Every structure is written in structure tokens, then in C-alpha cells.
Amino acid sequence: MAYAAISHSSRIFSPNKLDGKPKKIYQSQCHAFPLPLRSSLFRTGLTSQLGTGSTNSCVSASLTDVSLDVSLEKNQLPKGETWSIHKFGGTCVGTSQRIKNVADIIVNDDSERKLVVVSAMSKVTDMMYDLIYKAQSRDESYVSALDAVLEMHSSTAHDLLDGDALASFLSQLHHDISNLKAMLRAIYIAGHATESFTDFVVGHGELWSAQMLSSVVRKDRIDCTWMDTREVLIVNPTSSNQVDPDFLESEQRLERWYSKNPSKTIIATGFIASTPKGIPTTLKRDGSDFSAAIMGALLRAGQVTIWTDVDGVYSADPRKVSEAVILKTLSYQEAWEMSYFGANVLHPRTIIPVMRYGIPIIIRNIFNLSSPGTKICQDSVDDEDKQNLKSFVKGFATIDNLALVNVEGTGMAGVPGTASAIFSAVKDVGANVIMISQASSEHSVCFAVPEKEVKAVAMALQSRFRQALDAGRLSQVAVIPNCSILAAVGQKMASTPGVSATLFNALAKANINVRAIAQGCSEYNITVVVKKEDCIKALRAVHSRFYLSRTTIAMGIIGPGLIGATLLEQLRDQVAILKEEFNIDLRVMGIIGSRSMLLTEIGIDLSRWRELQKEKGEVADLEKFVQHVQRNHFIPNSVLVDCTADSAVAGHYYDWLRKGIHVITPNKKANSGPLDQYLKLRALQRQSYTHYFYEATVGAGLPIISTLRGLLETGDRILQIEGIFSGTLSYIFNNFKGGRAFSEVVAEAKDAGYTEPDPRDDLSGTDVARKVIILARESGLKLELADIPVKSLVPEPLRASASAQDFMQQLPKFDQDLAKQQQNAEDSGEVLRYVGVVDVINQKGMVELRKYKKDHPFAQLSGSDNIIAFTTRRYKNQPLIVRGPGAGAQVTAGGIFSDILRLASYLGAPS
């Protein structure tokens with residue numbers, strides 16, 4: 001088959017004389033097409049591609065030098081802040097109604113002059129690329145796909161236009177579709193499309209949306225014309241699939257265009273431009289934003305507004321951090337940094353043209369006009385905010401699916417050219433280096449590359465440095481896979497004291513390990529590399545630290561029984577006050593009982609948690625519950641509060657702490673269980689930033705554990721701890737006097753709710769023994785529970801009673817023995833008290849019934865109070881006494897609450 005040469009370029013849309021000299025309509029770039037298509041392609045005349053309303057109507061016009069000069073002088077292009085630039089993306093003009101909304105915004109803008117850059121209708125650019133793909137793949141469905149494009153724009157035009165405007169647009173639309181059909185047929189036959197042909201085809205979406213929008217605006221009797229920016233914007237393609245604007249040539253062409261099309265409202269096509277040879281091209285990724293920025297720079301506009309479908313720029317990806325906030329302002333450099341690290345802001349090159357003239361960019365939501373959006377300008381930090389760390393750290397962004405490559409060896413230190421050789425090898429395989437980190441010792445260089453490229457990089461480095469590796473000058477080329485980058489971005493934050501410390505402190509307290517760090521002297525970003533699995537948690541941790549309360553904690557309550565329910569009531573009454581007055585944000589993300597559990601993503605409404613548990617509760621699953629509290633929300637700090645007495649639950653503490661979950665509990669089973677497990681638990685606690693608090697295990701709401709630790713940490717030496725640790729037994733022996741029977745007092749205590757449902761649980765002394773073991777271990781003694789001799793108050797014959805009721809019925813038969821002991825004490829001026837003792841000097845503990853003089857502090861108790869005496873090297877002659885209520889749901893829940901607030905303080909809350 002014979003072939004004919006056909007040339008094309010955007011120069012065909014320009015007048016014959018643009019600068020006083022004759023110009024060829026067609027350039028010399030040629031492409032081969034089958035000969036039978038030649039006549040049809042020339043006959044359709046690509047020169048008529050753009051219809052009316054722009055200079056394309058002047059294709060065959062002939063202007064003299066004189067008339068052109070007069071026109072230029074008469075309609076000289078005004079520049080400056082009187083111009084306002086708007087850019088509307090594909091979503092904004094996706095339907096006829098949305099185009100009307102855009103027109104309303106344009107009409108209601110009171111700027112003296114407006115230039116509006118529009119994208120193709122939503123998904124149209126993808127549809128146009130698909131036409132090219134199908135045609136060059138010789139898929140005949142490109143014909144029906146082109147018909148769908150025609151139908152989409154035709155139906156939109158019928159919704160928007162009428163009369164001559166509709167007829168004119170439809171005529172041009174059908175003409176364009178006819179031309180495209182012929183071009184696509186040629187591509188179909190050739191099985192190939194050049195880049196310039198592709199750019200020419202895909203640019204039609206912008207042409208059509210600009211023409212329709214300008215017609216809609218003119219319906220409101222607004223002076224408006226539309227611009228094919230291929231006649232104005234001249235760009236030079238680069239080797240990196242990008243283009244560089246030729247501002248000087250573009251400015252000259254804009255002035256000439258305006259001289260022929262003077263208007264106070266111009267609707268310009270986004271995305272498309274021309275090369276210096278007049279060949280149609282595009283501005284590549286985010287091209288319409290780039291078009292708007294270039295136009296803003298050419299016109300020295302007052303501002304550029306980018307209209308989109310979000311309220312502005314977020315402080316973090318809202319899909320990963322649900323409480324990300326809209327930023328009011330960003331500097332150009334901050335926006336640049338955030339966009340580089342994947343934030344949905346602007347492409348970095350979009351910012352370059354406006355930076356030159358200090359033109360602000362406003363990001364606004366077309367679907368929420370009440371939102372002011374985000375302003376990107378020269379300086380984003382107000383003087384009044386200088387002391388606020390948040391004003392310096394504006395946002396956080398992440399990049400996933402990376403690998404670290406570490407090249408290390410003693411032979412690298414002080415050797416010029418090593419880094420050059422490393423990155424030359426990386427360049428040779430075409431890999432993109434995301435981040436570089438090198439210690440000042442020059443012993444190693446590590447850098448991050450996309451994971452899909454790391455294998456080729458590692459092989460290239462091993463090949464390049466084979467001799468050095470064999471000789472031992474380099475020790476290894478190591479690859480660390482499954483990494484992510486977290487970048488903190490902010491203006492001058494690196495020179496602001498406290499920012500870096502706060503960032504790394506937040507990561508440490510969220511139990512995040514940092515693999516590498518990079519910080520440039522530009523002071524706009526601090527970059528860390530973390531495990532991919534930790535990336536979202538790390539992002540939430542740092543965002544929470546800078547943008548939420550200083551301490552936001554996700555809580556899971558295990559065991560909503562008497563104590564757990566009381567704690568939930570106390571939290572309900574205090575969470576709002578804590579957040580407002582102390583900046584502590586406590587959120588109960590889940591409640592689990594033995595049968596059901598309640599989970600939420602944002603925090604349970606504690607005023608109706610019982611109701612919600614009935615409505616939305618699901619079958620209890622402790623593993624799922626723990627995973628939810630730790631990972632399924634934006635809060636980095638997680639704590640599980642175990643309000644049970646279940647040894648099975650206590651058995652999970654080690655794994656929870658190892659996963660970075662804090663644990664708070666009144667459950668004595670873990671700390672009084674097997675010694676090896678206790679030591680393992682405490683060792684883990686000391687090695688990590690994860691906290692394990694258990695104040696309520698010994699004294700309910702009394703500060704027993706914290707007092708003991710305070711003594712030890714300040715260098716005091718414990719000699720003995722002696723105390724009445726059971727509120728139940730305190731009540732019983734405080735009232736076991738005046739000839740009253742022991743069984744009578746026990747029954748009274750049970751009726752008053754002081755005892756367990758089965759009083760033998762209290763009278764056995766086991767609970768006191770567990771408290772003694774806990775204090776003994778805190779004092780450094782390595783004792784097992786079996787090492788503690790316990791005086792049980794349950795008569796031997798009744799220990800096997802079938803029920804609590806049977807026990808209570810039989811107990812009066814055994815009153816005589818205790819009555820005798822009580823009388824003996826009374827006769828000698830003493831009282832009986834049931835105590836636990838930790839004898840540190842002799843390294844032992846015991847639980848027994850002892851006699852005390854009536855002037856002894858232990859003899860002066862009332863009600864169910866507890867009392868603990870610390871005899872130490874400092875408090876040897878007069879022991880340190882801690883006394884107060886030691887039993888009851890309110891005080892126990894209060895002790896747990898106190899531990900929660902202590903955790904918040906450790907995590908950064910103000911003290």
C-alpha cells in the first residue's frame with residue numbers, strides 16, 4: 001500500500017502573521033498514513049479544529065504589519081492584581097449542573113478581570129486516552145467509544161445551551177468528532193500513535209468544556225471569550241516526561257492573543273500547550289493546575305484559586321488520620337514538600353511560576369463554598385503564632401512500598417568519590433532515590449528506593465563494588481524491605497527548639513522504631529523511615545501529638561462489672577473537663593464482658609454505653625477487641641484496663657505490652673502469680689516505653705505502690721511493710737468487740753456489701769496474701785505465693801461447704817475460738833487485727849491475726865479503712881503511715897482512674 005506524508009502541529013491554529021512575518025500553516029514534522037486516507041484527512045482540515053470564539057477563526061486571515069501594530073496598541077494587555085485566576089478540574093465540570101455552578105462562581109466573582117482555566121469533563125481525558133489505546137491496538141470498539149464521547153458532550157450541551165450558541169457548538173463538536181474519527185482510523189491502520197498525535201487527540205476534552213462554559217457565562221450577558229491555550233502557552237519538552245514553559249515567548253503570544261480578543265472574562269483550556277515548533281502537546285501530570293499557575297504568572301495576577309472537591313489541604317491524609325484538619329495557610333515551600341511526599345496538594349512544578357511573583361494560591365471546595373480553603377503564600381507563620389509548635393509543623397505525609405539500601409564499610413571513610421560511585425550505579429539502573437542518610441563518620445550510606453526497584457539496585461551495587469566487597473573495604477550492601485517514609489513538613493521547624501524532640505518523643509511513646517533519619521538544611525522537612533506495618537500508627541502518633549490533645553489515649557475496658565461500670569461512670573463525668581482544662585483526651589473505643597463487646601471507631605458515648613451494648617453489641621472476642629483498640633483508629637496511644645479478677649486475662653499482659661499497648665489493672669493475678677512470669681513482665685516494662693500500672697491491686701484508691709516506689713527510687717531502704725490490707729476484714733475486726741459473735745459481724749458485713757458473695761474468699765486470707773506478695777516483690781524479694789504462711793479465718797470443717805449460704809449457717813458453731821482470742825486481747829488492753837507483713841530484713845512475708853495496743857495506729861481504725869505502715873531506714877522510729885478507704889467500687893475505680901491520668905502524664909500531658 002502506498003503511503004503519503006501528512007504534517008500536523010498546533011501552528012495550524014495560528015494566524016498566518018503573528019509577529020509581522022508570514023508563517024507556514026503546516027510544519028515539517030510528518031507522519032505516514034495510508035494513501036486512501038490522505039484526501040479525507042486533508043479535506044477535513046485539522047486547521048478548523050477549534051471552531052469559533054478564539055483566534056482559530058483567523059486561520060486564513062491576512063493581517064498587515066500596520067493593522068497588527070494598531071491592534072496591539074489599541075488592546076494592550078493589562079497586567080497586575082486586577083486579574084483573578086480560577087482553575088476548575090474535571091470533577092467541577094463533570095455534569096451540566098456543575099458547569100452551571102462554575103458559571104455562577106465566575107459571574108459572582110467581583111474581580112475586575114478573570115481568567116478561568118478548565119479541564120475536560122470528568123473522565124473525558126481517560127476516555128480520550130482509551131480511544132488512542134484501542135485504535136493502535138486495532139480494537140474496532142474505538143468507534144463506539146468515540147460515539148460515547150460525542151453523546152456525552154452533545155447531551156451536556158443540550159442541557160446548557162440553546163439557540164445559536166447550541167447550534168454553533170454542536171456544529172463544531174460534530175466537525176471535531178469527524179476529524180478525530182479519521183485520525184483514529186489512520187492510527188488503527190498504522191497500529192501506532194506518536195506522542196504528538198496522542199496529545200492532539202486527548203486535548204479535545206478541554207476545548208469542548210471551555211467552549212461550553214464560555215457560552216453559559218455569556219448567557220448572563222458577561223463579556224466573555226474562550227482561549228485555546230495552544231496558541232499562547234509554549235513549552236519545551238524535557239527528558240523527564242515533563243515540560244518547561246517558555247515564559248518570554250508565551251507572554252508575547254498572550255499579548256498578541258489579547259490584542260485580538262480583548263475581554264474581561266476569559267475561559268482558557270487547561271492541560272494543553274504547544275512546542276516551539278507549533279506541535280500540540282500537554283503539560284503532563286496535573287497539567288490544568290500548571291496551566292493556571294503559568295497564566296497567573298504571565299498576567300501577574302492577584303491570586304490563583306484552584307477549585308477542587310475537598311475543603312483545602314489537610315494536615316495528613318484523612319483516609320489514614322480521621323481527625324486531620326484543614327490548614328488555613330501553607331508557604332510555597334511547605335506545599336512543595338508535602339506534595340513531594342505524596343500529599344494531595346499540588347504538583348511541585350505548579351508552585352514554581354507563582355512563587356516568582358509572590359502570587360498566592362487558594363485551594364477551595366466547589367461543593368462547599370462556605371469553606372475558606374487553604375492559602376498557599378510566601379510566609380505561612382504569623383508572628384502571633386511563633387510560640388505554637390503547630391504553626392511550625394504544618395503537615396505530615398507518607399510514602400509506602402519502599403526499601404532501604406545500606407552500603408557500609410570502613411573503606412568508605414574519607415575516600416572521595418564513593419558516594420558518586422554509589423549513586424552513579426543507582427542512576428544506571430534508572431532507580432529513583434527518595435531519601436539519603438549518611439552519618440558524619442562516613443562509615444555507611446543508606447538511601448530509600450521504591451521496593452520494585454531495589455533488587456536491580458542491589459545487584460548493580462554488588463557488581464560495581466565487587467572488588468571492594470571481596471577485599472573487605474566494604475562489609476555489605478544490605479537491603480531492608482517493607483519500609484515507609486514519614487515526613488514532617490513545616491517552615492523553619494528544624495531551627496525551632498522542641499520540634500524534633502516532640503516528633504521523636506511521640507514516635508518513641510507509640511513504640512515506633514525509626515530505621516533512618518534525614519533532615520535537610522532547608523529546615524522544611526524531617527524525614528524518618530519506619531517499618532511499613534508501623535507507618536499508619538506512626539503517622540497517627542505524630543499527628544495526634546501536634547494537632548490533637550497533647551495526650552489522646554484509646555482505651556479498652558475489660559470487665560464492665562461493678563468496678564468497671566463504676567469506672568465508666570467516673571470517666572463519663574470527667575472526660576470533657578479533662579479535655580478542656582487539662583488537654584487530656586480519653587476515648588473509650590471498646591468495652592468487653594464475658595459474653596459481649598461493644599466497639600466503636602470514634603469513642604463510645606459513655607452516657608449510654610449500656611444501651612449501646614444492647615443495641616450494637618457483638619459476641620465477645622478478646623483478640624479482635626484488642627486489635628480494634630490498638631489499630632483500627634487514628635489514636636496512637638492504646639491502653640487496656642482490666643477490671644476483672646481473671647487470671648486468664650492477666651496472662652495476656654506480656655503480649656499486650658510487647659505490642660506497645662499500655663496496661664492498667666486492679667487485677668492481682670499477674671503480679672502475685674508465678675515469679676518467673678512476674679519478672680518477665682517487669683523486665684519488659686523497664687525495657688520499653690510501654691507502661692504497666694497496678695496501683696489499685698493493693699490499696700484500691702490508696703497510694704501504696706507509688707509510695708513504696710518513691711521511697712525506693714529516692715534511695716531509702718525498706719525494712720518492713722505491715723498493714724491491714726483488706727477493707728472487709730478491717731470492718732469485721734473494727735466491729736468485733738463488746739461481746740459480739742464473730743459470725744454475727746461477718747453476716748453484718750455481708751449484708752452491708754463489704755464481703756464477696758462468698759465470705760470465705762475474704763476470710764481465707766488469700767487476697768491479703770496476694771497483696772503481701774506484690775509488695776514483697778516490689779521491695780525486691782523473690783517470693784512465690786506458696787512461700788507466704790496464711791492464717792485462714794475459715795474453720796477447717798467449713799472450707800469444703802457446698803455453698804456460701806451453708807457456710808454462713810454453720811459459722812456460728814465456731815465462734816468460740818475467736819471469741820476467746822478477742823477476750824484475751826481485751827483483757828490485756830489490746831485489739832485483734834488481721835494483717836499482712838513483708839519482712840524485708842529476713843526476706844519473708846506472712847498473713848496472720850495479731851494483737852495491738854489500743855493506742856497503736858492499727859487499733860484506731862474505723863469502718864473499712866486500710867492502713868499500711870512503712871518502716872524504712874529513714875522512717876525507722878516512726879513508720880510512714882498511709883491510711884484511708886481500701887475497699888469499695890468507688891475508691892477502687894478511683895485508683896484505676898488515677899493510674900489512667902498518670903499514664904497520660906507519662907505520655908506528655910501537663911502535670
Side-chain angles (χ1 to χ4, degrees), residues 308-330 334-335 337-345 363 365 368 371 373-374 380 388-402 483-490 493 499 502-512 514 525-555 579 583-590 599-603 627-639 660-661 907-908:
T308 179
D309 56 359
V310 294
D311 286 343
V313 180
Y314 283 89
S315 55
D317 187 341
R319 295 168 298 182
K320 298 177 181 178
V321 181
S322 60
E323 290 204 354
V325 299
I326 297 293
L327 301 173
K328 293 181 179 180
T329 61
L330 278 174
E334 287 168 341
E337 293 280 355
M338 289 186 70
S339 62
Y340 175 80
F341 284 99
N344 187 20
V345 187
I363 310 294
N365 188 351
N368 183 15
S371 174
T374 300
S380 69
N388 185 358
L389 289 183
K390 189 191 302 183
S391 67
F392 291 99
V393 180
K394 283 301 181 70
F396 304 91
T398 58
I399 303 177
D400 293 324
N401 302 315
L402 300 176
C483 293
S484 293
I485 277 179
L486 168 64
V489 175
M493 65 177 182
V499 173
T502 301
L503 176 73
F504 290 109
N505 187 255
L507 291 172
K509 290 185 175 179
N511 213 33
I512 303 295
V514 176
N525 118 27
I526 299 174
T527 301
V528 298
V529 179
V530 299
K531 292 179 182 178
K532 183 179 178 181
E533 64 197 59
D534 289 336
C535 183
I536 293 179
K537 184 180 179 183
L539 177 63
R540 292 168 178 168
V542 295
H543 187 274
S544 171
R545 183 61 183 83
F546 283 96
Y547 273 95
L548 300 183
S549 155
R550 282 175 60 90
T551 309
T552 303
I553 304 175
M555 301 171 58
K579 185 173 182 180
N583 216 17
I584 298 173
D585 191 357
L586 304 178
R587 306 192 184 190
V588 178
M589 311 303 289
L599 306 177
T600 178
E601 295 294 332
I602 58 175
Q627 185 177 17
H628 171 82
V629 171
Q630 183 186 27
R631 294 188 179 276
N632 287 3
H633 47 81
F634 61 93
I635 303 173
N637 301 306
S638 306
V639 59
I661 307 172
L907 294 175

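All figures in this text were calculated on a predicted structure; none of them were measured in a lab. Position 1 is the first residue of the sequence; numbering continues from there.
Contact check for I553 versus L907: side-chain heavy atoms found under the 4.5 Å cut-off. L486 places a side-chain heavy atom less than 4.5 Å from the side chain of L507. Contact of the K394 side chain with the V489 side chain is not registered, since no non-hydrogen atoms from C-beta on lie closer than 4.5 Å. In this structure the side chain of F396 reaches within 4.5 angstrom of the side chain of L503, judged on heavy atoms. R587 is listed as a side-chain neighbour of K579, based on a closest heavy-atom distance under 4.5 Å. No side-chain heavy atom of I602 sits under 4.5 Å from any side-chain heavy atom of E323.
Between I536 atom CD1 and K320 atom NZ the span is 5.5 Å, to the nearest 0.5 Å. The line from CD of E337 to CD1 of I526 is 11.0 Å long, rounded to the nearest 0.5 Å. Here OG of S484 is found 10.5 Å from CG of L539. Values are rounded to the nearest 0.5 Å. A distance of 4.0 Å separates OH of Y314 from CD1 of I326, quoted to the nearest 0.5 Å. Rounded to the nearest 0.5 angstrom, M338 CE and D317 CG are separated by 10.0 Å. Atoms CD1 and SG, on I399 and C483 in that order, are 12.5 Å from each other to the nearest 0.5 Å.
Of all non-hydrogen atoms in Y547 and V393, the two that sit nearest each other are OH-O, 3.3 Å. For the residue pair A324 and A316, the shortest heavy atom distance occurs at CB-O, 3.3 Å. Nearest heavy-atom pair, V588 versus T600, reported as atom, atom and distance to 0.1 Å: O-CG2, 3.8 Å.
With sequence neighbours left out, T374 forms a side-chain hydrogen bond (donor to acceptor under 3.5 Å, both in side chains) with no residue at all. For A506, the side chain to side chain contact (heavy atoms under 4.5 Å, CB included) partners two or more places apart in sequence, or in a different chain, are V542, R545. Every residue two or more places apart in sequence or in another chain that forms a side-chain hydrogen bond (donor to acceptor under 3.5 Å, both in side chains) with N368 is listed here: D311, S370. Applying the side-chain hydrogen bond (donor to acceptor under 3.5 Å, both in side chains) rule to K532 yields the partners N401; only residues at least two apart in sequence or on another chain are considered. In this structure D534 satisfies the salt bridge (charged side-chain N to carboxylate O under 4.0 Å, His left out) test with no other residue, sequence neighbours excluded. T308 is linked by a side-chain hydrogen bond (donor to acceptor under 3.5 Å, both in side chains) to nothing, counting only residues two or more places apart in sequence or in another chain.
S638 places no side-chain N or O within donor-acceptor distance of the main-chain N or O of A554, the cut-off being under 3.5 Å. In this structure a side-chain-to-backbone donor-acceptor pair under 3.5 Å is missing from H543 to G395.
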